[in-house]
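In the text below, chain A, chain B and the rest are named by the order of the sequence lines, each starting its count at 1. Excluded from the calculations below are hydrogen atoms, water molecules and symmetry mates; all remaining heavy atoms, backbone and side chain alike, are included. Since this is a predicted model, take the numbers as computed values, not measurements.
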There are 2 protein chains.
Amino acid sequence: MRTRRAEYSESTRQALVDSAVDLFTKRGYAGTSLDEVVKRARVTKGALYHHFSGKQALFEAAFARVETKAIESLTAVVTGDGAPWDTAIAGLRAYVRKCLEPEYQRIIVHEAPVVMGWERWREAEEHFSFGLLRTAVQLLVDAGEIEEAPVEIMARLLFGALSAGASTIASSSDPKRTGREVERAILRVLEGLRKK
Amino acid sequence: MRTRRAEYSESTRQALVDSAVDLFTKRGYAGTSLDEVVKRARVTKGALYHHFSGKQALFEAAFARVETKAIESLTAVVTGDGAPWDTAIAGLRAYVRKCLEPEYQRIIVHEAPVVMGWERWREAEEHFSFGLLRTAVQLLVDAGEIEEAPVEIMARLLFGALSAGASTIASSSDPKRTGREVERAILRVLEGLRKK
DNA sequence: CACCGGTACGTACCGGCGGTATGTGAGATA
DNA sequence: TATCTCACATACCGCCGGTACGTACCGGTG
């Protein structure tokens, strides 16, 4: 049953997460105070601590929000029925573009591993971007496109390379050019792994 | 002129950096209080703020300390006079091992980009590990071992992949095995880039 | 040797921030 | 309508980074 109070509650929760995503993106986790977050959401700390156990939990909620949105747009790209290789390439392109959005860049790529701790981050990423990337790699192996290799490891390396590439693009003085270069470099790496 | 006071001063500064490296490694930047740092160094905050402008500056000193030590051991590996390709491989192996040391892993790989900010981190790394890696890649290109490519970009991607690989090893339940797998995977990527 | 200047700290304190304990009023329940 | 409950608001605490100021000791000078 959908009561009135429940709707209000959900609404303020959303407002808190919205505010958190905004401020964490602009000022980072350490640079954002909870007073700012609740002020922007037009509530008080009482509301925040009613919905979340603390600052960390609020960050994880923001993390989940951003990642969920990202997964949606990425799966849309990947669920075409083209050749596995071409689909994978399209997915990589889409992911690099995602990494250039400030929200994703700051919260997911840069801060999450430190704020959540590497272990917790790794665990959470299983259900989000990294999980998607790993299944993509698995598909390529199954399709015989790239040589047999420990999928987990290869996916980790690729994930790291992609993040570094995206950061490079983002802080470049000529993002367009750097973007093309990064894409070409990644494609070259993949071609090097491809079976003849 | 080497005065007595200068020696004392240098000594307390070293003690502060030692303490900082220790605590930042164990508890991270945010989890370490300056009171703990000065207590372990057996001084007070007055001494700390005499030598460093603040917590950030102290972190950068710790960063420089750890990186300097790393560079020393890495250049020792690289300055053999073997074939460029073999030297590069040896360097990569040595770097992965470095990343498994807790100090390097926590302070340099995980926290530095967030604490210092990506731009500042990138700038600092020019004189340390990344600088070394990039010149190594440049040497391989010059020697005709790998195909022409924007060296900066390739080095960035490699750097990201190596960091991810090292983190994977460190948090693995079977580090020995994972270590071998990561090394093999990296070698395969490099072989894919090698000229025929 | 007396004096003095400056450096290398120590001490006391402030403001801000994360977190907590407790009050309260609107909406659900009977 | 009376009561209960939950979704907040309010007030407060302890810690921590940073600052202002005091001080003792070393090193040079007459």
**Student:** Would you kindly give the CZ-to-P distance between R13(B) and dT7(C), to the nearest whole Å?
**Tutor:** 17 Å
**Student:** Would you kindly give the CD-to-P distance between E10(B) and dC9(C), to the nearest whole Å?
**Tutor:**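 Value for this atom pair: 11 Å.
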**Student:** Looking at E191(B) and R194(B), is any side-chain nitrogen of the basic one under 4.0 Å from a carboxylate oxygen of the acidic one?
**Tutor:** yes
**Student:** Mind calculating the distance between CZ (R5(B)) and P (dG28(D)) to the nearest angstrom?
**Tutor:**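 Going from R5(B) (CZ) to dG28(D) (P), I get 11 Å.
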**Student:** Respond yes when some side-chain nitrogen or oxygen of S33(B) is under 4.0 Å from OP1 or OP2 of dC15(D), and no when none is.
**Tutor:**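 So the side chain of S33(B) is outside the cut-off, no N or O lying under 4.0 Å from OP1 or OP2 of dC15(D).
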**Student:** What's the CG-C1' distance between D35(B) and dG14(D), to the nearest Å?
**Tutor:** 12 Å
**Student:** What residues from residues 18-25 of chain A pass a heavy-atom cutoff of under 4.0 Å to DNA chain D?
**Tutor:**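 Nothing qualifies; none.
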**Student:** Within the pair T44(B) and dC9(C), is there a side-chain N or O less than 4.0 Å away from OP1 or OP2?
**Tutor:**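 No, because none of the side-chain N or O atoms of T44(B) sits under 4.0 Å from OP1 or OP2 of dC9(C).
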**Student:** With DNA chain D as reference, determine whether Y8(B) or T32(B) sits nearer its 5' end, using the nearest nucleotide of each.
**Tutor:** T32(B)
**Student:** Rounded to whole angstroms, how far apart are NZ on K45(A) and P on dA11(D)?
**Tutor:** 13 Å
**Student:** Using a 6.0 Å distance limit plus a 45 degree cone around the ring axis, check whether R156(A) lies over the aromatic ring of F130(A).
**Tutor:** yes
**Student:** Main chain of R5(B), side chain of S9(B): is a donor-acceptor contact present, judged purely on distance under 3.5 Å?
**Tutor:**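 No, because the side chain of S9(B) does not come within donor-acceptor range (under 3.5 Å) of the backbone of R5(B).
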**Student:** Does anything in residues 49-61 of chain B come within less than 4.0 Å of DNA chain D? Heavy atoms only, and list the residues if so.
**Tutor:**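 Residues of residues 49-61 of chain B under 4.0 Å from DNA chain D: Y49(B), G54(B), K55(B).
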**Student:** At under 4.0 Å, does any side-chain N or O of T12(B) touch on OP1 or OP2 of dC9(C)?
**Tutor:** yes
**Student:** So, do S163(A) and V109(A) sit near enough that their side-chain heavy atoms are less than 4.5 Å apart?
**Tutor:**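 S163(A) vs V109(A): side chains touch.
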**Student:** Taking OP1 and OP2 of dG27(C), is either one under 4.0 Å from a side-chain nitrogen or oxygen of T3(A)?
**Tutor:**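 For dG27(C), OP1/OP2 do not have a side-chain N/O of T3(A) under 4.0 Å.
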